[in-house]
J.: 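Quick one: structure below, then a few questions.
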Amino acid sequence: MALGAIELATISRSQDYTTIKHNEDNKGMVDQANFGEQVQKSVEQQAREVQSKDDLEWRESRPDAKEKGNGNYSGDGGSKRKKQQPRERMVVKGKGGFDLKI
């Protein structure tokens, strides 16, 4: 097995390598801790602030038979819809065979 130049080289600053390796190993835990802190801060902020409703006019829409409502159907009931063409069927007949004598 041949050894390349990279494999024979020594690490000049082993302190830097160990620090980088340590950071790579702990990245998952650090990311999880940061995410947990962000969630906690947002929960606390929402608890302190006044929350506004998205739709304040939901009480205003009163359905009435006299007026045109939101649930009206404006179609023609499908009278202009294309009729579905009957599909062709393939009928399987009995298995046949033939005899050949020479």
Side-chain angles (χ1 to χ4, degrees):
M1 178 166 92
L3 298 176
I6 296 174
E7 294 163 347
L8 293 176
T10 59
I11 299 173
S12 60
R13 302 236 1 198
S14 63
Q15 296 92 0
D16 294 339
Y17 176 75
T18 56
T19 304
I20 292 170
K21 180 68 174 151
H22 177 71
N23 290 341
E24 287 176 354
D25 291 343
N26 292 332
K27 185 176 181 354
M29 290 186 293
V30 171
D31 287 345
Q32 183 66 31
N34 290 339
F35 178 73
E37 288 175 14
Q38 289 176 354
V39 169
Q40 185 65 27
K41 286 180 184 178
S42 66
V43 167
E44 289 174 4
Q45 183 179 8
Q46 287 179 356
R48 283 187 237 141
E49 292 180 359
V50 176
Q51 301 296 317
S52 63
K53 292 283 186 178
D54 291 335
D55 186 16
L56 296 177
E57 298 177 3
W58 67 274
R59 293 183 186 171
E60 297 293 325
S61 62
R62 296 182 181 136
D64 191 2
K66 297 177 188 175
E67 300 174 5
K68 188 174 182 178
N70 292 339
N72 281 351
Y73 177 70
S74 62
D76 60 354
S79 63
K80 294 183 182 178
R81 188 177 306 146
K82 289 184 179 179
K83 304 295 183 206
Q84 193 174 27
Q85 299 293 330
R87 296 182 181 183
E88 296 180 18
R89 282 199 212 170
M90 182 167 59
V91 179
V92 178
K93 295 185 178 180
K95 293 183 181 179
F98 63 91
D99 291 333
L100 180 64
K101 293 183 183 180
I102 299 179

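Quick caveat, the model's predicted, so the values are computed rather than measured. For the single chain, residues carry numbers from 1 onward in sequence order.
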J.: When clusters are formed from ILVMFWY side-chain contacts under 4.5 Å, directly or step by step, what else is grouped with V50?
T.: none
J.: Could you list the residues that satisfy side-chain hydrogen bond (donor to acceptor under 3.5 Å, both in side chains) with N23, not counting sequence neighbours?
T.: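 Per chain and number, N23 pairs via side-chain hydrogen bond (donor to acceptor under 3.5 Å, both in side chains) with no residue.
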J.: Out of curiosity, Q46 CD to K41 NZ, how far, rounded to the nearest 0.5 Å?
T.: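 One finds 15.0 Å between CD of Q46 and NZ of K41.
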J.: Residues two or more places apart in sequence or in another chain: which of them pass side chain to side chain contact (heavy atoms under 4.5 Å, CB included) with E49?
T.: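 Here the qualifying residues are Q45, Q51.
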J.: Could you tell me which residues satisfy side chain to side chain contact (heavy atoms under 4.5 Å, CB included) with E44, sequence neighbours excluded, listed by chain and number?
T.: Q40, R48
J.: Partners of D31 by side chain to side chain contact (heavy atoms under 4.5 Å, CB included), sequence neighbours excluded?
T.: K27
J.: Do I20 and E24 make a side-chain contact, defined as non-hydrogen atoms from C-beta onward lying under 4.5 Å apart?
T.: yes
J.: Could you work out, with side chain to side chain contact (heavy atoms under 4.5 Å, CB included) as the rule, every residue matching V43, not counting sequence neighbours?
T.: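 So V43 forms a side chain to side chain contact (heavy atoms under 4.5 Å, CB included) with V39.
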J.: What distance do N34 atom CG and M29 atom CE have between them, rounded to the nearest 0.5 Å?
T.: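 That separation rounds to 12.0 Å.
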